[in-house]
Amino acid sequence: MDNYLEHLNQSQCTAVRQLEGPMMVIAGPGSGKTRVLTYRIAHLIKSGTDSFNILALTFTNKAAKEMRNRIESIVENHEARNLWMGTFHAVFSKILRIEAEKINYTSNFTIYDTADAKSLIKSIIKEMGLDKDLYKPAVIQNRISSLKNSFISPKDYGNSPELLQTDKIARRDAFGSIYQKYNKRCVKSGAMDFDDLLLNTYHLLNEFPDVLYKYQNKFKYILVDEYQDTNHVQYLIIKKLAALNENICVVGDDAQSIYSFRGANIQNILNFKVDYPDFKTFKLEQNYRSTSNIVNLANSLITHNKKQIEKEVWTKNNEGEKTIVCKTLNDNEEGRIVANTIYQLYIKEKTNWQDYAVLYRTNAQSRALEEALRKKNIPYKIYGGLSFYARKEVKDVLAYFRICINPKDEEALKRIINYPTRGIGATTLQKLIIAANNNEVSIWEVIESLEKYEVKINKGSTEKLNQFATLINSYIVQKDKLDAYALAEQIAKNSGVFHDLYSDKTAEGVSRFENLQELLNGIKDFSEKAVAGENKLELFMQDIALLTNADNEKDDDYNKVTLMTIHAAKGLEFPYVFVVGLEENLFPSMMTMDSRDGLEEERRLFYVAITRAEKRLFLSYALSRFKWGQYTDCNPSRFLEELNKKFIEESIIKLNEKVAEKKPYKIFAKTKTPTKPKPRITKNLKKVSATKQNVNASNLQNLQVGVNVKHSRFGKGKILKIEGSDANKKATVFFEGVGQKMLLLKFARLEILS
DNA sequence: GTATTATCTAAGTCT
DNA sequence: TAGATAATAC
């Protein structure tokens, strides 16, 4: 591609041509930030820089992949393939595997995901005999994570009167001890959590000058995307790596900083000026993405934030239509209206399904939307919730793979030691854990030498444990002989997992079995594509350890409406965007409203949501929403009032009106259900519980004394007595051949026999 | 030790 | 509502 610089505007071009020295690009939404990054890397390569010497850090794997493809198409040879590009976590885990021995790990270390980490914390709390209501695993986990991101080790923690005092007041004196034990157990298991990947990289670079020098020399040019969302540890690592050459380019937008809960720190942008006094700043302020109505609407919102770097986002684009704000009765109606509108636009404007995105604050909101889209036969894909690799059945098989690669992996071991059931129960496992703790070794080491560690268990259990050890060892022997697929298939079948999932013929069971097959297919694909010698299961596992479901897109997911959280939508754009659930306590979220900073971050989040839209934007809220089992009244979000009414469809906004209009989108008449597009439910979708004709809120009142009912376990029976009301309604039922039982109707799925 | 059912309780964004 | 845990039956 010749004259590739001609594809850039003035300010983009100057930013791209500035190859040397520290620089910061402040880029508004839709201003071509990614374009500057890709062209800058391409320009570096075209100007003779060895791509081995470039490091580009992105926020998602997907962004890295797309950017690499674009760069390859610009430089038109394979020069770009040596480029190091990926997320912080991916790039650093690669470095850590190379240098593992230096920090007392081996290169086969496991990466614990959030679920693994939480499970470990849970068992530590249990082993210490602490009250799990006082020590909630999720809370402890968050606290450990934020301490790690602030460089506070368990030792530092113990030396800080302030921190100790905080926990004393919260009656969590044992926190420090949990933290310490957690770290110890991770090391013993040869495992790192997500935070460790960053922290250990920092320690590696800090304590081994030769290693630091090696990477400083390697990465002569460093580029960082989404700089506003880097945390303190990431900041320090970049600073270290860039110290020798100072060719560092960071790109970001303070107005789009939405990850403070993960330790992201706007201070990093301000620090930049201190660290590199002779840095250059570039501002990209022209928006190419959205209509002027959308750009101006977004601007009118963000001015309500006090903390901001000065910049003016503007556009030459058409005015476009005004944004529509829609009041709905409840979440179901909101879903219906969104689905109807999408369908209408799809027909009227001859668009594709992938032109639409529905964005929400929390994953739980996807339910009502899914249902509505399904009813209208609109194909959709949903990001968020569980990633494919986080599903129980997938994690179980992966746990076998993990054990083969790193037998010390405690969390993997706990998953499979009794799955499929082989008679090694909770009591035996507890004994093993205690022995492992007492001897400061991993559970696996205890299993391999039961006598040595003096584990007191009966003969039967000993025999079973020995069988288990033999089984795992047989896999370990095969590990280096077989390719990834052959090994995976053998393990899945030989361990009994395959059979266990196959024999479950319920709808959920079938879907679980399909997921297992999908996993195996993925591994097969990997084996076939990999170069000889690189087709081992270990490498497959490294590949997937840091993948999210956004990276797992299938080919048939292409033409579908996208449903995702706003966080997940960062960096993306869609012609038509629906932002739903604009209600107080939901957006802004309840937890953020007591601090100015929290509220400002929510506002930035809304800003991100608005600026995803290219052509049209729809905002909606419900007067009532189904939350934790019942309908709750809602008020419209304060953010709606902050929007400049000039850019909004006035007739629709009636915030103070009590009664919802029947057809809030007057532009679209009543719709018919389409027949053409087939519903495609992807495997990524959350399963929707089959709606049985059981008793639910609506026909609860039909249950009266004397009515004949059927219970899934107790069989047929007759209601003798009803007491309580609403959610706590109970019935005393006499079941044939079983006797009298008192049941909470909310849970007992009684079928009415007429 | 295992499997099933009853009851309780939480409630957010993600690598 | 759903996921986790406790209680119960086998």
Side-chain angles (χ1 to χ4, degrees), chain A residues 57-62 86-93 111-114 117-119 122 126 132-133 136-139 142 145 149 192-198 226 229-231 234 258-264 359-365 367-368 383-385 387 390 392 418-429 458 460-461 464 545-551 564-570 585-592 598 601-602 604-605 608-609 625-632 686-689 696-697 711-714 727-728 730 741-744 746-749:
Chain A
L57 296 165
T58 61
F59 199 71
T60 61
N61 296 302
K62 202 176 158 196
T87 62
F88 281 86
H89 291 85
V91 167
F92 295 165
S93 66
I111 297 174
Y112 274 177
D113 66 14
T114 332
K118 196 169 178 176
S119 150
K122 252 188 196 166
K126 202 170 167 192
K132 67 173 168 43
D133 293 325
K136 291 181 181 161
V139 175
N142 276 330
S145 172
N149 284 316
M192 297 189 199
D193 65 18
F194 290 138
D195 302 315
D196 289 335
L197 293 176
L198 307 178
E226 308 283 10
D229 284 321
T230 52
N231 67 28
Q234 291 169 327
I258 55 173
Y259 276 93
S260 73
F261 68 92
R262 232 168 75 186
L359 308 180
Y360 35 78
R361 178 65 181 81
T362 68
N363 281 306
Q365 286 167 260
R367 236 186 118 96
Y383 293 104
S387 96
K392 189 192 170 297
N418 199 29
Y419 174 76
T421 46
R422 48 173 73 85
I424 305 173
T427 348
T428 309
L429 182 59
N458 61 40
S461 297
K464 283 166 188 162
L546 293 164
L547 287 189
T548 63
N549 43 11
D551 304 313
M564 54 167 62
T565 63
I566 302 164
H567 281 92
K570 190 169 87 153
N585 295 329
L586 180 61
F587 196 9
S589 150
M590 195 157 40
M591 286 99 149
T592 60
E601 175 146 325
E602 292 288 295
R604 291 194 294 270
L605 190 58
V608 169
R625 187 171 290 277
F626 202 59
K627 279 181 204 168
W628 42 92
Q630 57 187 338
Y631 279 99
T632 321
K686 276 181 252 164
K687 268 157 262 133
V688 181
S689 49
N696 54 37
H711 185 268
S712 55
R713 192 171 124 218
F714 304 128
N728 293 316
K730 288 175 208 159
K741 293 270 170 192
M742 183 144 79
L743 305 160
L744 203 55
K746 192 162 59 165
F747 297 113
R749 310 217 150 181

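Note that the structure is predicted; figures quoted are calculated from it, not measured. Reckoned from all heavy atoms, side chains included, excluding hydrogens, waters and symmetry mates.
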Tell me whether the guanidinium CZ or amine NZ of A/K118 lies under 6.0 angstrom from the six-membered ring centre of A/Y112 and within 45° of its axis. no
Where the side chain of A/T565 meets the backbone of A/A568, is there a donor-acceptor pair that is under 3.5 Å apart? yes
What is the distance, to the nearest angstrom, from the CZ atom on A/R361 to the P atom on B/dT13? 7 Å
Whole Å only: how far is the NZ atom of A/K392 from the P atom of C/dA2? 19 Å
In whole Å, what is the span from the NZ atom of A/K126 to the C1' atom of C/dA4? 12 Å
Examine B/dT15: is either OP1 or OP2 under 4.0 Å from a nitrogen or oxygen in the side chain of A/N61? Give yes or no. no
Integer-rounded Å distance: B/dT13 P and A/L586 CG: 10 Å
Check whether any side-chain nitrogen or oxygen of A/R367 sits under 4.0 Å from OP1 or OP2 of C/dA2, and answer yes or no. yes
Kindly state whether the pair A/Y259 / B/dC14 counts as stacked, where counting means centroids closer than 5.5 Å and planes tilted less than 30° apart. no
Any donor-acceptor N/O pair, A/E601 side chain to A/G598 backbone, under 3.5 Å: no
May I ask you to check whether A/F261 and A/H567 place their ring centers less than 6.0 Å from one another? yes
Donor-acceptor pair, side chain of A/D113 and main chain of A/A390, under 3.5 angstrom: no
For A/F88, is there any backbone N or O sitting under 3.5 Å from a side-chain donor or acceptor partner on A/Q234? no
Just compare C/dT1, B/dT15, B/dT13 and give me whichever is closest to any side-chain atom of A/H567. B/dT13
How close or far is atom P of B/dG12 from atom CE of A/M591, stated in whole angstroms? 6 Å
From the set B/dC14, B/dG12, C/dA4, return the single nucleotide nearest to any side-chain atom of A/K122. C/dA4
Under 4.0 angstrom, heavy atoms only, what part of the nucleic acid is A/E602 near: base, sugar-phosphate, or nothing? base
Return no unless some side-chain N or O of A/N142 is found under 4.0 Å from OP1 or OP2 of B/dG12. no
Any side-chain N or O of A/K136 below 4.0 angstrom from OP1/OP2 of C/dA4? no
Sticking with atom P, work out how far C/dA4 lies from B/dT13, rounded to a whole angstrom. 16 Å
Give one of base, sugar-phosphate or nothing for A/K570, where a contact means two heavy atoms less than 4.0 Å apart. nothing
Does B/dC14 have its OP1 or OP2 closer than 4.0 Å to a side-chain nitrogen or oxygen of A/T565? yes
Do A/N418 side-chain atoms and A/R422 backbone N/O form a donor-acceptor pair below 3.5 Å? yes
A/A568 has a side chain; which of B/dG12, B/dT15, B/dC14 sits nearest to it? B/dC14
For A/N585 and B/dT13, give me the distance from atom CG to atom P, rounded to whole Å. 16 Å
Which is true for A/S589 with a 4.0 Å heavy-atom rule: it touches a base, it touches only sugar-phosphate, or it touches nothing? base
N/O contacts under 3.5 Å, protein versus nucleotides 1-3 of chain B?
residue: B/dG1; atom: OP2; partner: A/T427; partner atom: OG1; Å: 2.3
residue: B/dT2; atom: OP1; partner: A/G423; partner atom: N; Å: 3.0
residue: B/dT2; atom: OP2; partner: A/N418; partner atom: ND2; Å: 3.3

Only counting residues at least two apart or in another chain, list the ones meeting side chain to side chain contact (heavy atoms under 4.5 Å, CB included) with A/K464. A/I424
Gap between atoms CE and P, on A/M590 and B/dG12 respectively (whole Å): 9 Å
Could you tell me the separation between the CG atom of A/D193 and the C1' atom of B/dT15, rounded to a whole number of Å? 11 Å
